[in-house]
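Working notes for the structure below.
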Number of protein chains: 2
Amino acid sequence: MSPKSSPHTPASLRRPSPKRRERGSDLRASGAPAPPTFRPIHTRRAFEEICERIREQLALGVLKPGDKLPAERDLAQQLGVSRNVLREALRSLEMAGVLRLQKGVKGGAFVQTGDTSRMNVVMQDMLSLGTISVRELSEARINVLDLVVRLACVNARQADFAALDANIERTDVATAEGRLLDRVECSREFYKILAAATGNKVIAMIVDSVTEIHMRFVYAKVASSGVAMPRLAERRRQFVATLRERNVASAIRLMRSHLEAVQRMLEQDPGAMSLQVALAEMQPGITRR
Amino acid sequence: MSPKSSPHTPASLRRPSPKRRERGSDLRASGAPAPPTFRPIHTRRAFEEICERIREQLALGVLKPGDKLPAERDLAQQLGVSRNVLREALRSLEMAGVLRLQKGVKGGAFVQTGDTSRMNVVMQDMLSLGTISVRELSEARINVLDLVVRLACVNARQADFAALDANIERTDVATAEGRLLDRVECSREFYKILAAATGNKVIAMIVDSVTEIHMRFVYAKVASSGVAMPRLAERRRQFVATLRERNVASAIRLMRSHLEAVQRMLEQDPGAMSLQVALAEMQPGITRR
DNA sequence: TCCATTGAATGGGTGATCCATTTAATAATT
DNA sequence: AATTATTAAATGGATCACCCATTCAATGGA
């Protein structure tokens, strides 16, 4: 801040002139074997470089959760970029769940941890963009849950069973009081608890992301048609009992048959699986991160 | 652009004054039951709102892959924000794989599709941040591959088998010529082909993201110790033969025993599973998106 | 001791301005 | 007429110089 260099382009700090790259790939001039690599679509930009460097520091362990990056103004100067460009990078990393930006003195960019919801966003984006289909998502969910049940059956602890019991209790109440949409929320929780019971956060994240989206369709269906899965709580109780007995085969069988029943229920109404319907609904819910 | 409004704050276009929100949650004033919700950590910012709106348009199908957003200057004016802030949002969405920004006249922000690599980034970030562990990743990989083998066994087509055969061929050549690191690259491809053979992009993405990271550890191990899995190509050939016979049980058994053997090999060298080692290696590879 | 005030640091945001790239239209050349 | 070079406009990339709102520690008065 003190050794402020000349007004324009003080860039010669740490970034070795990002402009003027990889020209010279003149198509006619090269008589060489011409490697089959295509040049990247768009040139490297400052904010990409910054994101990469910060990620590098994270991967190498130089930056750890809880650490604070230098203030925007300082860091921008260190990197030899304008504050605006730095902010583009910081915002991107914040959206990626890597940083958290906090205002005020003692504020700054802090390295985050524990955010397991980014995969949901990725999954949602891919669905919106048509990169993946609802069918693929449903199929993946049913199959991944096989795995979840197997692992949960082995690894679930008393606390997990208690949480599942409590959840089923809430489901009962919601059913009795006719709060069908709350019941859907309970279902979402049920799978979240089950996923956590695997003891594997990677698998939990995967199943959460897929379940999150699935539940929107269920929500939309229930909200529009008013029909709901019959005997849901009973089925769940039976399932949890099997889980308690550590009876893997039975637990998987019960879960799978339930999931397929739900799937049939959803599919019997064409259009209920439409993206727009499901996405328009459930906005006020806990959907927000 | 023509009806350029007055120089300062023409903000009353579409954004209803983003400043001054949700005050009034005075801690002392509320004698009410005090709902157990905590107010969000940081206030809503313009770029978040913009990202959300664009994602909303995507989810609703108003924006589709290939569509072009208005030019930055125009869109900024429409939204009633400065161009800088809009760019923060656009950069974030580009990093998320939702948009692609292209320079020049006829350039602009185009809605992307088909990018299945975002999940890899998420997984990598979570590992760097310590949100997930290497152990969880390995366990998830082994279990998810059960599923992949089962689905691939049912769904694989001739083209998939051919691709697997060709891959094994390359593995043989790399082995014969002692190019051990190329062999690791072949392994990465092998699992990618296998994942694609499931016919389910969601599952393929999941296994790709997990395999991608796993292979860095293998790469680091091979690069440092020089030891490599013996009889790799033979094992693969046997596996693919079983796959061709659609013998699910055998295929799963073979894959699992192989994965566990690799796992043991990796674990026998403490420190080989360290993050830093694995991440420092394999930079020049195809790791780049 | 307690509470109000102040001020500095920080992120949030703006607007003007310039650069580099890309493309289409135009002019010059053959 | 066809080809090639030039030009101009639109667009994203980047910078600078500000200003505002929030936060929090230091200060000072009751």
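Keep in mind that what you see is a predicted model, and the values were worked out from it rather than measured. All chains are named by letter (A, B, ...) in the order of the sequence lines, taking the proteins before the strands, and each is independently numbered beginning at 1.
Partners of B:Arg55 by salt bridge (charged side-chain N to carboxylate O under 4.0 Å, His left out), not counting sequence neighbours, listed by chain and number: A:Asp125. Under the rule for a salt bridge (charged side-chain N to carboxylate O under 4.0 Å, His left out), the partners of A:Arg179 that lie at least two apart in sequence or sit in another chain are A:Glu177, A:Asp182. Every residue was checked against the salt bridge (charged side-chain N to carboxylate O under 4.0 Å, His left out) condition with B:Asp67, not counting sequence neighbours, and none meets it. Residues passing the side-chain contact (heavy atoms from CB on, under 4.5 Å) test with A:Glu189, sequence neighbours excluded: A:Asn167, A:Arg170.
Rounded to an integer number of Å, the gap from CD of B:Gln77 to P of D:dT11 is 13 Å. If you take CG of A:Leu75 and P of D:dT15, they are 13 Å apart, rounded to a whole angstrom. In this structure, CG of A:Leu93 is placed 14 Å from P of C:dG11, rounded to the nearest angstrom. D:dT11 atom P lies 16 Å from atom CG of B:Leu99, rounded to whole Å. The distance from atom CG of A:Leu86 to atom P of C:dG12 is 11 Å, rounded to the nearest whole Å. One atom, CG of A:Leu101, and another, C1' of D:dT22, lie 14 Å apart when rounded to the nearest Å. When rounded to the nearest whole Å, the span between CG of A:Leu90 and C1' of C:dG11 equals 10 Å. Rounded to an integer number of Å, the gap from A:Glu49 CD to D:dA14 P is 10 Å.
With DNA chain D read from its 5' end, the first of the two nearest nucleotides for B:Arg87 and A:Gly107 is the one closest to B:Arg87.
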Short heteroatom pairs, N/O only, protein and nucleotides 7-9 of chain C, under 3.5 Å:
residue	atom	partner	partner atom	Å
C:dA9	N3	A:Val105	N	3.2

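Salt bridge annotation for A:Arg91-A:Glu88: absent, with no cationic side-chain nitrogen under 4.0 angstrom from a carboxylate oxygen. The pair B:Arg45-A:Glu94 meets the salt-bridge criterion, since a charged nitrogen lies less than 4.0 angstrom from a carboxylate oxygen. By the 4.0 Å N-to-carboxylate-O rule, B:Arg188 lies close enough to B:Glu185 to be salt-bridged with it.
Side-chain N/O atoms of A:Arg45 include none lying less than 4.0 angstrom from OP1 or OP2 on D:dA14. Contact annotation: A:Arg83 does not reach the phosphate of D:dT15 (side-chain N/O to OP1 or OP2, under 4.0 Å). Contact annotation: A:Arg44 side-chain N/O to D:dG13 OP1/OP2 distance is not under 4.0 Å.
Rounded to 10 degrees, the angle separating the terminal helix axes of the helix from C:dT1-D:dA30 to C:dT30-D:dA1, each built from five base pairs, is 10°.
Scanning all heavy atoms of the two residues, the minimum distance from A:Pro70 to A:Gln78 falls at CG-NE2, 4.1 Å.
Residue A:Asn84 places its side chain closer to C:dG15 than to any other of C:dG15, C:dG11, D:dG13. Closest to the side chain of B:Lys103, from the set D:dT22, C:dA20, D:dC16, is C:dA20.
Note that B:Arg141 lies in the cation-pi zone of B:Tyr191, set by a 6.0 Å cut-off to the ring centre and a 45° limit from the axis.
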